[in-house]
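Contents: one structure, followed by commentary.
Values below: every heavy atom of this structure, side chains too, minus hydrogens, waters and symmetry copies.
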Amino acid sequence: MPRLTRPGPLFVLFTFLILTAVPYLPGALGKAVDELPQLLLQAFLWLSLWALFKRLEWVHWLLLPAFLALPVELYLQALFGQGISTHHLGVIAESDPREAAEFLGAKVWLLGGLLVLALLWWWQSGRALRRMALPTWRRGPRIAVLGLALAAIGVWGYGLQVGVVSDSASASASVSASEPASAPASAPASAPAPAPNAQPVPPEAAPAHPWYHLDWPLLPAWAGIPIEASHLERAWPFAWIGLGYQFWHERRQLADLAEKNRQFRFGARQERRPDLPQIVVMVIGESARYDRWSLNGYERDTNPLLRQVRNLISYADMITPVSATRMSVPVMLTRKPANQSLESGFSEKSFLAAFREAGYRTWWLSNQMSAGPFDTPVSVFAREAEVLQFLNPGGTTNGSTLDEALLSPLKVALADPSPRKLIVLHTLGSHWNYSHRHPPAFERWKPSLSGIDKPDYENLALKERISNSYDNALLYTDWFLAQVIGTLAGQGQVASMLYVSDHGQTLYDGTCLYAFHGHNHQYEFHIPALAWYSDAYEAAFPDKVGQLKQHRRARLSTENVFHTLLDMAGGRYPDERLAWSFAHPGLQNHTRLVDSYGWSNYDRSEFRGDCREVIEKTR
């Protein structure tokens, strides 16, 4: 056996400890960590893989992804308080190298240097490990460990796919055996009422994940292994196994979703004025924040054109449940509940399919990235449109197209002879880099980021420039929306438009040391939303115009968009939820959840500090 006090063995031991300690970094930052199950899983993986390959030197080859991922993991933990997840893998897969370089700014060289150092670290630790001449496993102990490992994996997989009888179910069973069957169990007085958008929870006696629909018995509670799938994704240095599998599973799930949803139908129809030609436009904004619009009270005149538009309504209290495009937009497009927004895919189609059923010709015109080998959660629904155009070959780089590229295809769509049209415009809005989102003519507030090659949004020295460039981008959004509305008004037809941003931005507000999005700040959840209608629309639907005006200060979320857009057009379907339409007199408040330290009730939260951190009140 090698002496562990020598430099080589100490270096290897230090390396393995550092890699294994990554899941506990949040604990050092004051966050809760489920330590015992995580530690047991990590020890199990180390021992099992060592037994499988016989020599620890071969296991070291499996550590290469962990070495390469470590700089990214530390970056995400330090900045966003979260480690690498399948969401981040999806963002990487959906980004091209130029976009990634622009996003990282000057840090791209730092990250490249760290990756080179990580490779050297991996090579040097492997070299030291080979020199240690560790003994190989003997046949007997190795087979015993592998057998126990296979048995544990089998039991864990069985419990994950079929289910485990919980302690509460066992307890209730023993109580019911000694009580009359007619005596109902009363719920505790302190039990919270379920949220209106909560999904039904299957009974504990039923299989959680029926495997091949076989009625197999649940595992007894004592046989359940306290390891969740999330532990596997955090089981450093082998977390990439779980993350890779989960990422592949999500991608396959998204691919299957389009196939499965092919048979889904809303049963939608045009009930109100079925013979009336009509134009409906949905504009999806990007990274626009509510309080930076002069329409909403901002001191800078970022909306000089929209301020003069007739028949325009700005909504004061619209929120998004999550501050990331790929998760927030599907909630806008579908009936997907907020508390499922972090999950990939959804079992229903979007409002594009509902409008098609009701006799509308549908367009999806996008200035965002096109659907490629890795279909994004947004593009899965975009494909439901009859006409699909991605107009931006440059992604979000310096060479990206401005949102005005959508205006010409919009006019082509409006010239189509179809009497009823739904047109979705997916804009780049205020996406970083802000100075690339507008032409030079909109450079009103200076100094800005213009002329700075690959600026770093984390550089606090750029605070003023970042803020000015953001406002310049909003000034261009004001111009773009005014052009869309002017084009619609020029048709002289029954036309309506809804604009909702996907999420907002943090901009080093006051003493806040954060910028961009992906944080737990009110600035990123509170978003601008507009409704516009033509004079002909008001004449055709005066009651809806009245409701749209009346609810301008209602508590709304992007969950309301699907229901409102169809209701504004007079569309109906059997299981509609008109209580979620702010064009309907029966609008009701619902629990507005946001992804802030778990799902938090936005309307029962306080906003702390200059970052306005969203924290749900405990009382």
Is [X] salt-bridged to [Y], going by a charged N under 4.0 Å from an acidic O?
X: Arg289; Y: Asp291; value: yes
X: Arg553; Y: Asp317; value: no
X: Asp403; Y: Arg437; value: no
X: Asp575; Y: Arg335; value: yes

Check: [Y] main-chain N/O paired with [X] side-chain donor or acceptor under 3.5 Å:
X: Asp478; Y: Leu306; result: yes
X: Lys336; Y: Glu343; result: yes
X: Arg555; Y: Gln588; result: no
X: Ser534; Y: Tyr537; result: yes
X: Glu286; Y: Leu428; result: no
X: Ser341; Y: Pro337; result: no
X: Asn367; Y: Thr401; result: yes
X: Asp416; Y: Ala413; result: no
X: Glu348; Y: Thr334; result: no
X: Ser600; Y: Tyr602; result: no

Rounded to the nearest 0.5 Å, what's the gap from [atom1] on [X] to [atom2] on [Y]? Could you check?
X: Met497; Y: Ile279; atom1: CE; atom2: CD1; result: 13.0 Å
X: Ser605; Y: Arg612; atom1: OG; atom2: CZ; result: 11.5 Å
X: Ile615; Y: Gln522; atom1: CD1; atom2: CD; result: 12.5 Å
X: Gln389; Y: Leu406; atom1: CD; atom2: CG; result: 9.5 Å
X: Asp502; Y: His431; atom1: CG; atom2: NE2; result: 8.5 Å
X: Ile313; Y: Leu295; atom1: CD1; atom2: CG; result: 12.0 Å

State, to 0.1 Å, how close [X] and [Y] come at their nearest heavy-atom pair, and which atoms those are.
X: Trp532; Y: Ala495; result: CZ3-O, 3.8 Å
X: Ser328; Y: His503; result: OG-CD2, 4.5 Å
X: Ser501; Y: Met332; result: O-CE, 3.7 Å
X: Ser430; Y: Leu474; result: OG-CD2, 3.3 Å
X: Val309; Y: Leu312; result: O-CB, 3.9 Å
X: Leu352; Y: Ala385; result: CD2-CB, 3.5 Å

Kindly indicate whether the side chain of [X], heavy atoms from C-beta on, has any atom under 4.5 Å from the side chain of [Y].
X: Leu488; Y: Val281; answer: yes
X: Arg273; Y: Phe541; answer: yes
X: Leu587; Y: Leu556; answer: yes
X: Ile284; Y: Leu333; answer: yes
X: Pro330; Y: Val378; answer: yes
X: Leu414; Y: Thr487; answer: yes
X: Val412; Y: Trp363; answer: no
X: Ile527; Y: Thr558; answer: yes

Would you check if there is a donor-acceptor pair between the side chains of [Y] and [X] at a distance under 3.5 Å?
X: Glu524; Y: Thr506; answer: yes
X: Glu559; Y: His590; answer: yes
X: Tyr434; Y: Gln505; answer: yes

Please walk me through it: do Val594 and Val322 pass side-chain contact (heavy atoms from CB on, under 4.5 Å)?
CA-CA 6 Å; Val594 293; Val322 61; over 6 Å; no

Would you call the rings of Phe351 and Phe562 parallel, tilted or perpendicular if under 30° counts as parallel and over 60° as perpendicular?
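Taking Phe562 first and then Phe351, their aromatic rings sit tilted (interplane angle of 30° to 60°).
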
Measure the acute angle between the ring planes of His521 and His519, then classify it against the limits of 30° and 60° as parallel, tilted or perpendicular.
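Correct class here is parallel.
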
Test salt bridge (Lys or Arg N to Asp or Glu O under 4.0 Å) applied to Arg604 - qualifying residues, sequence neighbours left out
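Partners of Arg604 by the salt bridge (Lys or Arg N to Asp or Glu O under 4.0 Å) criterion come out as none, since no residue qualifies.
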
Tyr360 and its side-chain hydrogen bond (donor to acceptor under 3.5 Å, both in side chains) partner, picked from Arg420, Lys421, Gln270, Glu386
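Going through Arg420, Lys421, Gln270, Glu386 one by one, the side-chain hydrogen bond (donor to acceptor under 3.5 Å, both in side chains) with Tyr360 is satisfied by Gln270 alone.
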
Sole residue of His584, Arg272, Lys544 in side-chain hydrogen bond (donor to acceptor under 3.5 Å, both in side chains) with Asp567:
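Looking at His584, Arg272, Lys544, the match for Asp567 under the side-chain hydrogen bond (donor to acceptor under 3.5 Å, both in side chains) is Lys544.
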
When you look at Tyr533 and Leu498, which way does the side-chain contact (heavy atoms from CB on, under 4.5 Å) test go after all the steps?
CA-CA 9 Å; Tyr533 53 90; Leu498 198 60; over 6 Å; no

Given Met282 and Leu565, is the side-chain contact (heavy atoms from CB on, under 4.5 Å) satisfied, shown in steps?
CA-CA 8 Å; Met282 175 70 207; Leu565 199 64; 4.0 Å; yes

Any residue meeting ring pair (Phe, Tyr, Trp, His ring centres under 6.0 Å) with Trp293, in chain and number order, not counting sequence neighbours:
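Trp293: ring pair (Phe, Tyr, Trp, His ring centres under 6.0 Å) contacts with Tyr499.
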
Pair Tyr523 and Phe525, ring centroids less than 6.0 Å apart
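Between Tyr523 and Phe525, the centre distance exceeds or equals 6.0 Å.
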
For the pair Glu613 and Phe607, evaluate side-chain contact (heavy atoms from CB on, under 4.5 Å) and give the outcome as yes or no after the intermediate values.
CA-CA 5 Å; Glu613 193 174 12; Phe607 310 118; over 6 Å; no

Evaluation steps, ring-ring contact (aromatic ring centres under 6.0 Å, His included), between Tyr315 and Phe582:
CA-CA 10 Å; Tyr315 290 90; Phe582 51 90; 4.9 Å; yes

